[in-house]
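Here the structure comes first, spelled out in structure tokens, and everything after it is commentary.
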Amino acid sequence: MLTATHFECQAITVLTANTIQDTGAIEDILLIDEDVIDNQARCLLEDIQIQAIRASGLYCADHASVIAQVAADYDNVPLILHLGPQYPSAIDGNTDDELEALMAATWETLIPQAGCVVVDCNYLNHWTPEDEGDHADPVPVLLEAVLAAGAKSCLALFCPAADDLHQHMLLEAGGHSRAFGFFPQAGQPETGDLISAALASLLARRQPLADACEQAIIYSHKALAAGRKLGMSKLVAKRL
């Protein structure tokens with residue numbers, strides 16, 4: 001919500017889970033029932049006209065399916081799908097079958113609807129289907145698979161590049177691409193969360209996709225660079 005406020009947007013949010021965590025790690029994830037997610041989302045959407053949807057915090061297949069159903073009913077606005085780190089070990093009773101179901105629901109129902117999939121290449125293996133993970137260099141294969149699945153574009157963060165640098169790449173259907181250069185904050189898991197939230201806010205304000213990606217990246221890296229150490233672990237981004 002702070003990121004949206006920075007871009008003079010009003011965010012309306014629906015929780016997918018409550019977390020027990022500090023600035024260092026997530027210790028437990030308490031999932032919200034999918035019916036509650038659906039009811040809360042539709043309650044808000046019937047009250048307020050929206051300009052963009054940002055989906056993040058995917059922890060189970062039922063959540064992905066509910067979000068996909070809601071997004072399908074509002075397909076006139078862009079869906080920004082953030083694929084960041086997963087925390088399967090923090091969910092009690094989580095099984096390999098449940099993780100596979102989450103993967104399948106994401107690839108079959110959410111990615112095909114996405115206007116832009118924001119994915120951090122540091123966590124790309126978390127979202128890699130088994131039949132795509134055997135390549136010597138899986139990153140370009142997976143990014144192309146995102147577009148082949150139906151996403152209109154993919155913003156890939158921290159892609160390996162020449163001279164061991166990392167860059168952000170916007171890939172669009174039809175083979176168009178744009179690089180956004182090197183940034184030093186690789187490895188911070190909240191980078192993708194910040195960038196996807198900023199991107200959704202900018203697209204809600206009708207910014208062209210490439211310009212919105214560039215502004216979102218600049219904002220997010222400045223927020224992380226100006227971060228404050230509130231606890232004993234990682235920095236907390238300065239969003240405002």
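The residues of the chain are indexed from 1 along the displayed sequence. If you're wondering where the values come from, they're calculated on a predicted model, not measured in any experiment.
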Distance-minimising heavy-atom pair for [X] and [Y]:
X: Thr106; Y: Pro112; answer: O-CD, 4.3 Å
X: Ala114; Y: Val117; answer: CB-CG2, 3.6 Å
X: Ser201; Y: Cys9; answer: O-SG, 3.5 Å
X: Lys152; Y: Gly115; answer: CB-O, 3.5 Å
X: Ala145; Y: Trp107; answer: O-CZ3, 3.6 Å
X: Tyr219; Y: Thr3; answer: OH-OG1, 3.4 Å

Side-chain donor/acceptor of [X] to backbone N/O of [Y], under 3.5 Å:
X: Trp127; Y: Gly84; result: yes
X: Gln113; Y: Thr109; result: yes
X: Asp38; Y: Glu34; result: no
X: Ser196; Y: His82; result: no
X: Gln21; Y: Asp28; result: no

Do [X] and [Y] have side chains that approach each other closer than 4.5 Å (heavy atoms only, starting at C-beta)?
X: Thr128; Y: Met103; value: no
X: Arg239; Y: Leu194; value: yes
X: Ile26; Y: Ile20; value: no
X: Val118; Y: Ile80; value: yes
X: Leu110; Y: Leu79; value: yes
X: Arg228; Y: Val236; value: no
X: His6; Y: Met1; value: no
X: Leu83; Y: Leu58; value: yes

Asp96 atom CG, over 12 foreign heavy atoms within 6.0 Å: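 Not more than 12 within 6.0 Å, no.
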Check against side chain to side chain contact (heavy atoms under 4.5 Å, CB included), Thr19 and Leu30: CA-CA 6 Å; Thr19 61; Leu30 309 174; over 6 Å; no
Between atom [atom1] of [X] and atom [atom2] of [Y], what is the distance when rounded to the nearest 0.5 Å?
X: Asn18; Y: Ile32; atom1: CG; atom2: CD1; value: 4.5 Å
X: Ile217; Y: Ile195; atom1: CD1; atom2: CD1; value: 5.0 Å
X: Leu81; Y: Cys116; atom1: CG; atom2: SG; value: 9.0 Å
X: Asp120; Y: His126; atom1: CG; atom2: NE2; value: 10.0 Å
X: Leu202; Y: Asp211; atom1: CG; atom2: CG; value: 9.5 Å
X: Ile29; Y: Tyr59; atom1: CD1; atom2: OH; value: 4.5 Å

Chi angles and distances behind the side chain to side chain contact (heavy atoms under 4.5 Å, CB included) call for Glu190, Leu224: CA-CA 9 Å; Glu190 64 268 41; Leu224 288 167; 3.7 Å; yes
Parallel, tilted or perpendicular, as decided by the 30° and 60° cut-offs, for the rings of Phe158 and His168: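 Taking Phe158 first and then His168, their aromatic rings stand perpendicular (interplane angle over 60°).
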Name of the residue among Leu171, Leu170, Leu143 meeting side chain to side chain contact (heavy atoms under 4.5 Å, CB included) with Ser177: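 Exactly one option meets the side chain to side chain contact (heavy atoms under 4.5 Å, CB included) with Ser177, and it is Leu171.
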Pair Gln51, Arg205: side-chain N/O donor-acceptor within cut-off below 3.5 Å: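 Arg205 and Gln51 do not have a side-chain donor-acceptor pair below 3.5 Å.
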Shared hydrophobic cluster, Val36 / Val66 (ILVMFWY, side-chain heavy atoms < 4.5 Å):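 Yes.
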Single-linkage hydrophobic cluster, 4.5 Å side-chain cutoff, Leu2 and Leu230 together: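 Hydrophobic grouping puts Leu2 apart from Leu230.
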Side chain to side chain contact (heavy atoms under 4.5 Å, CB included) evaluation trace for Val139 with Leu124: CA-CA 7 Å; Val139 171; Leu124 197 60; 4.1 Å; yes
Residues Glu172 and Arg178 bridged, charged N to O under 4.0 Å: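 Looking at Arg178 together with Glu172, the answer is no, because their closest N to O distance does not fall below 4.0 Å.
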Residues Asp193 and Arg54 bridged, charged N to O under 4.0 Å: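 A salt bridge is present here (some side-chain N lies under 4.0 Å from a carboxylate O).
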Trace of the side chain to side chain contact (heavy atoms under 4.5 Å, CB included) decision for Met169 with Leu155: CA-CA 6 Å; Met169 292 288 299; Leu155 178 59; over 6 Å; no
